[in-house]
Amino acid sequence: MGLPLHNSRWAVGLLAILMAPACIAPSVLEAENRAVELSTANYGWRPATIDDLQGLFGSKEITGSAATALTKLYYWFESDGSYTGAALFAGSPPRFETLSGTWTLEAETLILDNSEPATLSATDEALRLRGAEGEVILVREQVQ
Amino acid sequence: MKKSLQVIGGAALLLWTLTGLMAWKSTSDQIHITIAEEESATQGPNPIALLTDQVGTLQEDLRGLTSALSENFELLGTALDAQTGGDGALLDSMRADLASLALNSAGEGQTRATAALDQRLARVEGLLQQVLAANEDAAERERLATRFAEQERIREAARRKEDARLAAARTEQELARQETQAATDAVQAEKPRRGFLSFQLPSDDFTFDQRQRFGVITSLSRVGFDAKSTLHDFTGVSEKAKGQIIVNLAHPEYGIEGELRVPAASLDTALEGRDEEMHRVLGVERFSEMTFVPTSFEATRIDPEAQEFEGTIHGDMTLHGKTRKVAMKMKGSIDASRRLVVDGEMALKMSDFGIKPPNKLGMIKVEDEVRVWISLRARPSALATGEN
């Protein structure tokens with residue numbers, strides 16, 4: 001009884017072909033998920049320490065009213081309390097603005113020169129600064 | 001009685017007449033009437049000699065007058081010739097008369113000369129009156145012309161001065177307006193906000209009701225399509241959208257312009273083999289870019305307070321090298337970061353753009369109709385000078 005062996009192979013092959021597409025998972029993006037998700041992801045933030053403020057960071061996200069003018073931010077922090085930064089302001093054409101100064105960190109509050117204080121959180125690879133005018137998430141950049 | 005009186009009257013008249021005739025008869029022989037015309041002429045100075053002297057004196061006067069008048073006539077002739085041909089002809093006639101007068105007075109007989117002189121002198125006098133009148137008219141015309149020209153010059157100068165004053169006023173007004181605008185812009189630009197991370201930010205005042213540019217933020221935007229097939233539905237997404245839109249969100253009826261550009265090869269369905277097939281049917285190597293150019297926005301709801309709007313945007317979509325007019329329902333708002341957030345969706349048929357829906361051996365067949373959608377974020381910015 002049953003199919004001859006060569007016939008069985010054909011049947012299995014045909015079944016495999018027919019079943020193969022069913023293994024491809026549907027890839028439909030639901031309408032509510034079309035928008036690019038702004039960062040509310042849990043980066044695992046913790047209170048920042050002085051050791052976190054070393055090296056080059058670039059902005060990954062800027063939100064709040066500051067985002068109206070700022071399109072990109074870069075900071076270079078030195079462990080001696082100095083820093084330099086560059087901001088790319090929106091416009092036609094955009095323009096960079098740079099500055100240098102000193103930073104101080106008390107508890108979770110970061111103060112750059114005389115600017116408004118910002119709450120600083122950190123991960124090993126990122127910084128989050130929250131102020132009255134928005135929030136910036138900076139990720140560590142590699143210097144070429 | 002009456003008849004008696006008539007007879008008496010007639011007799012008296014007859015008697016009176018007879019008496020008169022007798023008296024005339026008695027005195028007519030004693031009276032002689034002599035015509036003394038020639039006798040009286042021979043008794044005074046020689047009239048011919050007197051006339052000759054007078055004619056000679058008159059000739060000298062005429063020569064002097066002729067000489068003096070000739071010079072004046074030359075001058076007058078030049079001026080009058082330029083004014084009227086009639087005056088010139090008059091002077092010509094006068095010159096001829098004077099020449100004739102001088103010639104005749106020297107060579108002809110005294111009696112004829114006297115009569116001719118009288119006649120010509122009268123004519124010269126008349127001509128002189130005309131010349132003087134013409135001269136006075138010319139002088140008056142010249143005076144009036146000079147006066148008119150002077151008045152015209154004064155009016156022209158006044159008009160130019162007024163034009164210059166108005167132009168200067170307009171320039172001053174424009175400069176004042178520009179200065180005011182510049183000052184306002186400067187105040188806006190320099191209006192410092194609280195330093196954010198030490199950078200001084202410009203004012204974040206956002207006005208919903210103004211025409212402005214919204215530049216698409218590529219990293220925060222997506223465009224894509226949803227397709228159905230006999231096997232699985234799938235979505236293609238691009239995160240490489242670029243472009244801008246210029247519009248007054250509160251009054252989109254004032255006009256909308258801009259464009260949205262998406263690299264065709266950037267569409268990703270999350271399945272490599274499907275992507276290859278999709279890029280093939282889209283002809284991405286030949287038609288590398290998909291574009292949408294808005295032409296109008298038909299609003300169904302605009303809420304300036306909430307900074308939201310809904311409606312249908314119309315425009316020209318170019319896909320696979322073919323451009324078709326499309327209409328997409330969409331809604332938008334301004335988020336906390338002052339960014340324009342737009343979501344829209346529409347259905348279109350691939351075959352309308354010359355795209356043949358993929359079909360694998362008749363088993364895996366993609367439907368002709370797909371749903372195209374956009375989810376954009378755009379940053380507002382003021383229009384540059386000269387843009388509208």
Side-chain angles (χ1 to χ4, degrees), chain A residues 17-18 20-38 59-73 75 83 85-87 89-92 94 97-103 110-118 129 131-136 138, chain B residues 193-206 213 215 217-224 226-237 239 244 268-271 273-274 335-339 341-343 345 360-361 363-364 371 373-377 379-384 387:
Chain A
I17 292 173
L18 292 175
C23 297
I24 302 172
S27 55
V28 175
L29 188 64
E30 298 300 327
E32 58 269 25
N33 296 325
R34 288 172 181 168
V36 175
E37 188 178 355
L38 297 177
S59 63
K60 179 177 175 60
E61 295 172 16
I62 304 173
T63 55
S65 61
T68 307
L70 295 174
T71 62
K72 193 73 178 179
L73 279 169
Y75 284 99
Y83 79 96
F89 281 79
S92 181
E97 192 174 298
T98 61
L99 50 78
S100 297
T102 57
W103 58 266
L110 175 68
I111 299 176
L112 299 178
D113 298 312
N114 298 318
S115 64
E116 289 288 316
L129 296 102
E133 297 176 85
E135 178 179 301
V136 178
L138 302 165
Chain B
R193 289 171 54 196
R194 291 171 295 174
F196 184 63
L197 305 177
S198 75
F199 286 101
Q200 292 293 322
L201 304 180
S203 170
D204 68 339
D205 294 339
F206 175 80
R213 178 202 313 277
I217 305 172
T218 300
S219 63
L220 298 179
S221 299
R222 284 177 179 155
V223 299
D226 295 336
K228 294 180 180 296
S229 76
T230 51
L231 189 59
H232 285 303
D233 299 344
F234 60 96
T235 297
V237 178
E239 297 183 344
Q244 64 177 359
D268 183 0
T269 66
L271 192 62
R274 189 164 55 198
D335 70 7
S337 298
R338 314 291 193 268
R339 292 182 294 219
V341 180
V342 171
D343 291 287
E345 185 175 341
K360 288 291 186 184
L361 304 175
M363 297 174 63
I364 305 175
R371 297 204 63 81
W373 51 264
I374 60 172
S375 178
L376 307 175
R377 284 188 177 86
R379 179 178 286 108
S381 63
L383 297 179
E387 289 184 308

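Here is the naming used below: chain letters follow the sequence lines, and residue numbers restart at 1 for every chain.
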> Could you tell me which portion of A:Ile62 (side chain, backbone, both or neither) has an atom closer than 4.5 angstrom to a non-hydrogen atom of chain B?
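For A:Ile62, the backbone is the part near chain B, not the side chain.
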
> Checking side-chain polar atoms at under 3.5 Å, does A:Ser59 have a donor or acceptor matched by the opposite partner on A:Tyr75?
no

> Where on B:Val223 is there a heavy atom nearer than 4.5 Å to chain A: the side chain, the backbone, both, or neither?
neither

> Please look at B:Ser375 and chain A and tell me whether the side chain, the backbone, both or neither of the residue comes under 4.5 angstrom of a heavy atom of that chain.
side chain

> Examine the side chains of B:Arg377 and B:Ser337 and answer whether a donor and an acceptor come within less than 3.5 Å of each other.
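There is no such pair between these side chains.
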
> What part of B:Ser381 lies closer than 4.5 angstrom to a heavy atom of chain A: side chain, backbone, both or neither?
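Neither the backbone nor the side chain of B:Ser381 comes within 4.5 Å of chain A.
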
> So B:Arg222 and B:Glu239, do their side chains get closer than 4.5 Å, heavy atoms only?
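In short, these two side chains touch, coming nearer than 4.5 Å.
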
> Counting only heavy atoms from other residues, nucleotides and ligands, does the tally under 6.0 Å from NZ of A:Lys72 exceed 12?
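Counting neighbours around NZ of A:Lys72, more than 12 heavy atoms of other residues, nucleotides or ligands fall under 6.0 Å, so yes.
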
> With a 4.5 angstrom heavy-atom cut-off, could you sort out which part of A:Ala118 is near chain B: side chain, backbone, both or neither?
side chain

> A:Pro117 and side chain to side chain contact (heavy atoms under 4.5 Å, CB included): which partner among A:Leu112, A:Ile111, A:Leu129?
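Result: among A:Leu112, A:Ile111, A:Leu129, A:Ile111 is the only option passing the side chain to side chain contact (heavy atoms under 4.5 Å, CB included) with A:Pro117.
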
